[in-house]
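Below is one structure, written out as structure tokens; the observations come after it.
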Amino acid sequence: TIHTHVFLTLQCCFLFLISLSFVYFAKAFGGSYMKSSVTQIERRFDIPSSLIGVIDGSFEIGNLLVIAFVSYFGAKLHRPRLIGIGCLIMAAGAFLTALPHFFQGQYVYETTLSHIPEENSTESILPCLANTSHLVINDLSTAASKAACEKEAGSSMWIYVFLGNMLRGIGETPVMPLGVSYLDDYARKENTAIYLACLQTVGILGPVFGFMFGSFCAKIYVDIGSVDLESISINHKDSRWVGAWWLGFLVSGFLMLLAGIPFWFLPNTLAKQCKSPSKKRQKEDIQAKSSSDTPEVEPEQGSFLPEDNTEEDAPQPVTMAAMAKDFAPSLKRLFSNKVYLLIILTSVVAFNGFIGMITFKPKFMEQVYGQSPSKAIFLIGSMNLPAVAVGVIVGGLVMKRFKLSVLGAARLSIVSSFLSFCLLLIQYFLQCDNSEVAGLTMTYQGATEVSYQQESLLSQCNMGCSCSLKHWDPVCARNGITYASPCLAGCQTSTGVGKEMEFHNCTCMQELKGGLMAPPTNMSAILGQCPRKSDCDRMFKFYMAVTVLGAFVSACGGTSGYIVLLRSIHPDLKSLALGMHTLIGRTLGGIPPPIYFGALIDRTCLKWGLKRCGGQGACRFYDSHAFRITFLGLVYCLYGLANLLWGVLYLQLSKRQKKLELRSQAKATALEANGNNNPNGHAMVSIFKNKDDLDRDNESTI
């Protein structure tokens, strides 16, 4: 009966939509958690930003390996089951990423505080000693047994993170091209935009929870449960702190296992169940086809292609050999489409800007505005991403409410892209002063100009201390200046233990800024970097307001841009086109940005950390001005180019629209000529010539 058919239709369609939405959530959770853990992984394995960029790009490398074949062959096989297999692979990748934590030794952060106070004493003679041979001996012993030390520390175990992230990329491959094409095939055209908006919105909830959980884990010490936290002298705001980065990957793996279960029970013949040809539906389809032959051309949510009047045949079983033989011709047809090529190019440039920005945005907020990594991640998850979710919903509702054509969708995308770019430009003027670090951002201090050697941390006030210049163990003086270590601050004594340790009689603090002599009670320092000035907090609030508004505006054009892609390709090439779009976007837009963003950001580093076994570790302190100019400069160049390409794409779409209108006029003329009993005249010849020209043009300019 009709009622039974409607019930089955709703049941199978919405079950697939809900299942796919949960997969989008789970994979977005894992991906965003990886982004939020970039800083923690960089510090844990003592690697530079350029190498963390390679690790982050391994996800796209995994995608690259299989996506072309999955997109093409997967469309002709059991699509739900392939998505289920992908979920299993993603779960395995998440577990592999967390594996190094369980085989690696405990995290040992660099510090110069190796002296232990005597028993029953609250004061110790530390750290400005005339003889600091304990540091030299430690360095010599490390150099003598470097190989054994590196093996014990597990310094190369970042390779497992690289491989696990690559496995996640392989497993994610079938989700988008097969899931979206599957849904689009069985949904009414006018509902596609809102379905895609729902998918993207649920997908955005994944990053919200991923970043929030990343913020939570960043505050938990990496070796929680196996060390005495009272003995740890650093907190989560310190650049040497490493959070429990591994915990989120375990949660992500279990989520992916759960998300894949429904797809093993969904049928491959969803079309027969969800689109049973009831008489009412058949009548509507016939009326829709006949109306498409009238001069009013393009249906608002219809395909941006010449109509094909051939009936859609029922799916026929095909062999792997036949599919392989048709693969190369399908690729040729796809890449002869100029509009598709322009969409690919625009997406690649925009992906470069987006991936580079989102990968290093927490570090940008940390270095430029003095925020802790956990707070930066929390704000991204709690403010920016919900704004994106609202923007996606608004964009989808606008598409549905006004029934925008392909040109209308392109206009919406262009406007949102341009406005978000303008908001990005405002960020350049929202800056803070550099942190005041003696010897790095300050070359002198006080009225007598306590000067520092060029590119050195040494001065007359600490010359007699024999300090190590390699270690980063910052202390904050009462005068608001940060020193690289208590020794380099000239501190003679210390009190307290752990995070409560305080240093006194620091000779480098005898002169305050402005020339005022510091009283003896002010010649002390506490552990950690000094906080930024109060006006920096006010500037950061403006920055967050601008970024949240920019995220909302940019997301409003996301759904419409996707509609332009879907409506500009032939239905039989849809899965392949989506797959190739993802393949090229991930290859050229996902792999390179973290690497070259990271390499250029490394050039702004002022103080590198020291590895446990010697050698250069992760960067501890950046020049915030150089960091800001480098980071924003790259983002501006990429998004500016993307806006220009959107303009070229719109011109190409307008050109195509005019050709469709000419075809409709020719068809109307032919029908009028037929009404005058001239079926074999020049009008019919003209329309067939127009159709042939348009079909040939379709292969190269749609």
Side-chain angles (χ1 to χ4, degrees), residues 13 15-35 58-94 164-187 192 195-207 209-210 252-266 268 270 347 351 392 558-559 562 565-566 574-587 589-590:
C13 289
L15 177 59
F16 182 81
L17 179 62
I18 292 171
S19 301
L20 188 63
S21 297
F22 187 45
V23 173
Y24 263 64
F25 172 86
K27 76 181 184 68
F29 177 91
S32 60
Y33 184 82
M34 180 68 192
K35 294 290 184 186
S58 63
F59 181 88
E60 278 71 29
I61 294 175
N63 237 263
L64 167 66
L65 295 176
V66 296
I67 193 168
F69 300 100
V70 168
S71 300
Y72 180 71
F73 293 107
K76 305 176 187 300
L77 299 174
H78 199 298
R79 286 185 278 186
R81 204 161 290 170
L82 286 176
I83 295 175
I85 294 173
C87 291
L88 284 178
I89 297 175
M90 279 192 281
N165 205 33
M166 183 184 291
L167 265 184
R168 284 183 50 249
I170 293 174
E172 194 261 358
T173 303
V175 174
M176 195 281 290
L178 301 187
V180 171
S181 63
Y182 195 77
L183 187 64
D184 188 55
D185 285 344
Y186 311 130
T192 302
Y195 288 163
L196 289 177
C198 290
L199 274 180
Q200 293 178 10
T201 302
V202 175
I204 290 170
L205 291 177
F209 285 93
S252 174
F254 285 117
L255 279 178
M256 288 311 311
L257 286 177
L258 291 175
I261 293 175
F263 291 93
W264 296 98
F265 304 99
L266 285 169
N268 190 34
L270 188 60
S347 300
F351 285 168
V392 170
T559 302
Y562 216 76
L565 171 62
L566 288 173
K574 191 178 298 180
S575 292
L576 180 61
L578 291 174
M580 295 306 297
H581 178 265
T582 305
L583 166 66
I584 299 172
R586 289 276 171 80
T587 304

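All values below were derived from every heavy atom in this structure, side-chain atoms included, with hydrogens, water molecules and symmetry-related copies excluded.
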If you compare all heavy atoms of [X] against all heavy atoms of [Y], which two are closest, and at what distance to 0.1 Å?
X: Ser347; Y: His581; result: OG-NE2, 3.0 Å
X: Cys87; Y: Val23; result: SG-CG2, 3.9 Å
X: Ser252; Y: Gly30; result: OG-CA, 3.4 Å
X: Ser32; Y: Gly210; result: OG-CA, 3.4 Å
X: Phe263; Y: Leu20; result: CZ-N, 3.6 Å

[X] vs [Y] side-chain heavy atoms within contact, under 4.5 Å:
X: Phe22; Y: Ile261; result: no
X: Asn63; Y: Thr587; result: no
X: Ile85; Y: Pro174; result: no
X: Leu578; Y: Leu178; result: no
X: Trp264; Y: Arg81; result: yes

Say you draw a straight line from [atom1] of [X] to [atom2] of [Y]; how long is it, rounded to the nearest 0.5 Å?
X: Leu64; Y: Ser58; atom1: CG; atom2: OG; answer: 12.0 Å
X: Thr173; Y: Leu65; atom1: OG1; atom2: CG; answer: 8.5 Å
X: Met90; Y: Asn165; atom1: CE; atom2: CG; answer: 12.0 Å
X: Phe209; Y: Leu255; atom1: CZ; atom2: CG; answer: 10.5 Å
X: Leu167; Y: Glu172; atom1: CG; atom2: CD; answer: 13.0 Å
X: Met34; Y: Arg168; atom1: CE; atom2: CZ; answer: 7.0 Å

Review point. Cation over ring, Lys27 on Tyr24, under 6.0 Å and within 45°?
Key: yes

